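Structure, as structure tokens:
Quantities reported herein were computed from a predicted structural model and do not represent experimental measurements. Start at 1 and go down the list; that is how both ligands and their atoms are numbered.
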Amino acid sequence: MATVPGCFVVTPSDLSALFGILDELGYRTLGPTVRDGAIVIGEISGISDLPIGITDEQGPGRYRLRDGVAGAWFGFAVGPQSARAHLSPPERPLLEIRSRGPTLEFVEPEHHTERTALFGIRPCDLAAMEVQDRVLARGPHPDPRYVAARDTTLVVVVNCGVPADTCFCPSTRTGPRARSGFDLSVTEVVDQTDHYFVLEPGSEAGVEIVERLEHRPADRAEVNAALATTEAAVEAISRSLPEQLNGRLLAAADHSRWDEVAARCLSCGNCTMVCPTCFCSDVRDTTDLAGDTATRVQVWDSCFTLGHSHLHGGSVRADTRSRYRQWLTHKLDTWWDQFGQSGCVGCGRCITWCPPGIDLTVEAAAIVGGG
Ligand code: SF4
Ligand code: SF4
């Protein structure tokens with residue numbers, strides 16, 4: 001059968017050599033691993049670190065791990081963390097000021113330069129990286145720490161075959177198959193008789209990695225099987241976000257639904273902490289007990305905290321209604337005016353990790369009249 005240019009087949013045992021190859025190329029590898037009952041992003045040195053044969057059950061306010069397809073490397077959807085935790089960590093030192101007798105010494109920490117391979121991130125998270133790039137790397141005020149981390153990050157994206165109940169990436173056009181922006185794309189094909197991976201390099205680094213792996217050109221049937229995997233994922237996804245929300249949520253600022261959702265919302269900020277596109281931060285200064293050293297750190301902040309909108313005299317958004325409205329309206333509506341795209345990539349994390357199970361697709365539909 002004819003082979004498909006740019007597509008290659010690798011067996012599981014051959015793909016397990018990838019981690020050694022990345023190490024030889026000078027990358028530390030971060031990827032999916034199980035910790036504390038969830039699939040999180042951690043250091044990966046071999047396939048034994050991956051959640052092989054494990055799947056996740058997700059729903060509004062619910063996340064559980066259980067046994068999945070035996071031997072499957074990627075039989076799960078997204079966990080609570082995304083590339084954001086690597087590119088803009090929750091806490092980053094910005095400055096240390098040391099007292100040196102009559103003078104002060106100002107020390108800025110070096111920007112991240114360690115080469116890192118993000119292995120197994122999902123297409124929605126790749127899309128979220130592009131959203132954050134626009135804000136933090138290509139905006140009028142680039143964040144040099146983010147840029148340094150981004151420039152040294154290699155992306156191995158894994159197309160999705162097993163979406164969660166909370167996913168809705170087809171309606172945001174961010175998955176379940178990645179189209180661009182990766183160094184290497186991987187689709188796992190696993191059934192009763194076959195288990196292999198279809199690889200597509202997206203950069204010179206990706207080509208080099210494939211060349212170092214044992215591989216062969218993929219034939220049309222193998223590529224079709226890979227495409228069928230992501231098409232099955234599309235069929236399995238039932239949630240969707242209403243189209244063209246730009247201007248529509250803001251126009252409904254007085255809708256009674258904001259009161260209804262505020263009655264359920266705890267203002268805990270979980271939705272913003274797990275969202276791969278959120279970028280709000282605060283700056284905190286502390287001194288050591290001796291008073292010799294002052295440290296300035298940047299920490300993730302949330303539009304659900306009272307302090308986030310604090311101006312002279314108090315908070316602009318003093319109640320949960322206004323804070324939830326700010327979150328949803330910015331994410332789905334005014335983000336378009338600011339950045340020319342939506343702030344949502346359909347990963348569903350804010351639904352899964354919301355304690356009362358508030359679903360932004362339901363809220364948005366209700367507010368713009370679709371549900
Ligand atoms: S708003 Fe929710 S579904 Fe959309 S990207 Fe953020 S966490 Fe994911
Ligand atoms: S919507 Fe849910 S996760 Fe977000 S602040 Fe309210 S209760 Fe917390």
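- Seen from the ring of Trp300, Arg84 counts as a face-on cation partner, given the 6.0 Å and 45° thresholds.
- Within the 6.0 Å centre-distance limit, the rings of Phe74 and Phe119 are counted as a close aromatic pair.
- With no hydrogens or angles considered, no side-chain donor-acceptor pair links Ser171 and Ser240 at under 3.5 Å.
- Asp337 and Thr334 are not linked by any side-chain donor-acceptor pair at a separation below 3.5 angstrom, with hydrogens and angles left out of the test.
- Cys354 SG, 2.3 Å is the protein heavy atom nearest to atom 2 (Fe) of ligand 2.
- Panel note: side chain Asp49, backbone Thr33; no donor-acceptor pair is recorded below 3.5 Å.
- Every atom of ligand 1 with a heavy atom of Cys275 under 4.0 Å away is listed here by number and element: 5 (S), 6 (Fe), 7 (S).
- In the vicinity of Cys350, heavy-atom distances shorter than 4.0 Å reach the ligand 1 atoms 1 (S), 2 (Fe), 3 (S), 7 (S).
- At the shortest separation from atom 7 (S) of ligand 2 among protein heavy atoms lies Leu266 N, 3.1 Å.
- Residues Asp191 and Thr193 have side chains that bring a donor and an acceptor to within less than 3.5 angstrom of each other.
- Here is the list of ligand 1 atoms found below 4.0 Å of a heavy atom in Gly348: 3 (S), 8 (Fe).
- At the shortest separation from atom 1 (S) of ligand 2 among protein heavy atoms lies Tyr324 CE1, 3.7 Å.
- Remark: the Gln326 side chain and the His308 side chain contain no N/O donor-acceptor pair separated by less than 3.5 Å.
- Figure legend: Arg323 and Phe304 shown without cation-pi pairing, the cationic atom not lying both under 6.0 angstrom from the six-membered ring centre and within 45 degrees of its axis.
- Using a cut-off of 2.8 Å, one finds that Cys347 contributes no N/O/S atom close to atom 2 (Fe) of ligand 1.
- Within the listing of ligand 1, atoms 1 (S) sit less than 4.0 angstrom from a heavy atom of Lys331.
- From the protein, the heavy atom lying nearest to atom 6 (Fe) of ligand 2 is Cys265 SG, 2.3 Å.
- The Phe168 neighbourhood of ligand 1 comprises atoms 3 (S), with distances under 4.0 Å to a heavy atom of that residue.
- Ligand 1 places these atoms under 4.0 Å from at least one heavy atom of Val345: 4 (Fe), 5 (S).
- Distance from atom 4 (Fe) of ligand 2 to its nearest protein heavy atom, with residue and atom name: Cys271 SG, 2.3 Å.
- In this structure, the separation between SG on Cys275 and CG on Asn270 is 12.5 Å, given to the nearest 0.5 Å.
- A cation-pi contact links Arg122 to Phe76, judged by a cut-off of 6.0 Å to the six-membered ring centre and 45° from its axis.
- With 3.5 Å as the limit, one finds a donor-acceptor pair spanning the side chains of Thr116 and Arg28.
- Contacts with ligand 2 closer than 4.0 Å are made by side-chain heavy atoms of Pro356 only, the backbone lying farther away.
- Residue contact check: Asn270 has heavy atoms under 4.0 Å from atoms 3 (S) of ligand 2.
- Each of the following atoms of ligand 2 lies closer than 4.0 Å to a heavy atom of Gly269: 5 (S), 8 (Fe).
- Taking a 4.0 Å cut-off on heavy atoms, Leu360 registers as neighbouring ligand 1.
- Atom 4 (Fe) of ligand 1 has an N, O or S atom of Cys344 closer than 2.8 Å.
- For atom 8 (Fe) of ligand 2, the nearest protein heavy atom (residue, atom name, distance) is Cys268 SG, 2.2 Å.
- Annotation for ligand 2: atoms under 4.0 Å from non-hydrogen atoms of Ser267 are 5 (S), 6 (Fe).
- The shortest heavy-atom distance from Trp327 to ligand 2 is not under 4.0 Å.
- Under the 6.0 Å cut-off for aromatic ring centres, Trp335 and Phe279 qualify, their centroids lying closer than that.
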